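The structure displayed is predicted, hence computed values, not measured ones.
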Amino acid sequence: MIVLYRIYQIVVMLPLMLVATVLAALTTLAGCALGGGRRWGYWPAHIWGKVFCWLTLVKVTVSGRENISKDTSYVFVANHQGAYDIFSIYGYLGHNFRWMMKSQLRKIPLVGYTCEVSRQVYVDKSSPGALRHTMNRAEKLLSGGLSLVVFPEGARSWDGKMRQFKRGAFMLAQEFNLPVVPITIDGAFSVMPRFKKLPHWGHIHLTIHEPIHPGNEGHDMAELITTTHDIIEQSLG
């Protein structure tokens with residue numbers, strides 16, 4: 001069975017994934033150039049994420065979507081098990097958002113430029129001024145009604161277990177007084193851990209938890225990080 005699956009991947013899946021990526025990027029670029037950045041910066045990638053899961057024979061189940069509103073800006077915070085975290089969130093979160101991502105991803109041909117045009121937030125820590133520019137870009141998105149998705153571990157897990165969270169996402173939530181929504185991704189490590197070159201069919205479960213709203217005096221940073229980490233970890237199988 002696995003041999004047939006690998007043949008399918010090489011002959012059918014990988015070429016179709018390449019075509020889907022190019023089409024999604026070109027559609028995004030065209031839509032944003034015509035002035036529809038809010039819509040076209042999300043919907044082509046939303047379909048692209050679903051196509052990647054379908055082609056890989058990966059089923060994605062979502063629970064807790066009723067906890068969020070399409071009319072509210074959030075800082076979504078998720079654990080990072082593997083590459084299919086991106087496809088499953090893009091395809092199945094059901095909320096217009098932008099990513100906060102490493103600046104190194106800007107170098108990916110076509111995709112990096114498309115992310116720039118579609119107003120994804122590249123994190124630049126090279127200087128205090130560059131970091132301030134990152135925060136200003138995020139502020140413009142959030143004040144415009146969009147949301148951000150962040151992987152606060154900073155990189156994909158090597159063993160499927162969660163690591164400590166970095167402060168960046170929570171600083172945004174604190175500064176802009178926004179609710180934080182923890183997301184548990186379970187199953188993506190089995191589909192494609194970071195040390196594998198090809199994915200495997202499987203089942204990914206996204207759990208969208210209830211938002212953590214700021215109190216009268218805003219968020220308490222230490223408590224927010226601890227609470228979010230515990231909520232996500234407790235829902236892992």
Inset, instruction - Could you tell me whether the side chain of Ile86 reaches within less than 4.5 Å of the side chain of Trp99, counting heavy atoms only? - result: yes
Legend entry - Matching residue for Val180 among Thr227, Thr228, Leu172 - test: side chain to side chain contact (heavy atoms under 4.5 Å, CB included): Thr228
Inset, instruction - Using a cut-off of 6.0 Å, state whether more than 12 heavy atoms not belonging to Glu66 lie near its atom CD. - result: yes
Inset, instruction - To the nearest 0.5 Å, tell me how far Ser235 OG sits from Ile232 CD1. - result: 8.5 Å
Inset, instruction - May I ask you to say whether Arg106 pairs ionically with Glu116, meaning some side-chain N is under 4.0 Å from a carboxylate O? - result: yes
With a cut-off of 3.5 Å and sequence neighbours excluded, list every side-chain donor-acceptor pair involving residues 185-196.
residue	atom	partner	partner atom	Å
Asp186	OD2	Gly237	N	2.8
Arg194	NH1	Arg156	O	2.8

Legend entry - Phe76 ring center near His95 ring center (under 6.0 Å): yes
Inset, instruction - Would you check if Tyr113 and Ile108 make a side-chain contact, meaning some heavy-atom pair closer than 4.5 Å? - result: no
Inset, instruction - Measure centre to centre between the rings of Tyr90 and Phe87, then say whether the value is under 6.0 Å. - result: no
Inset, instruction - Would you kindly say whether Thr21 and Trp48 are connected by a side-chain donor-acceptor distance under 3.5 Å? - result: yes
Legend entry - Single hit among Asn67, Ile212, Asn79 for side chain to side chain contact (heavy atoms under 4.5 Å, CB included) with Pro182: Ile212
Inset, instruction - To the nearest 0.5 Å, tell me how far Thr207 OG1 sits from Leu236 CG. - result: 8.5 Å
Inset, instruction - Nearest 0.5 Å please: distance from the CE atom of Met17 over to the CD atom of Gln9. - result: 7.5 Å
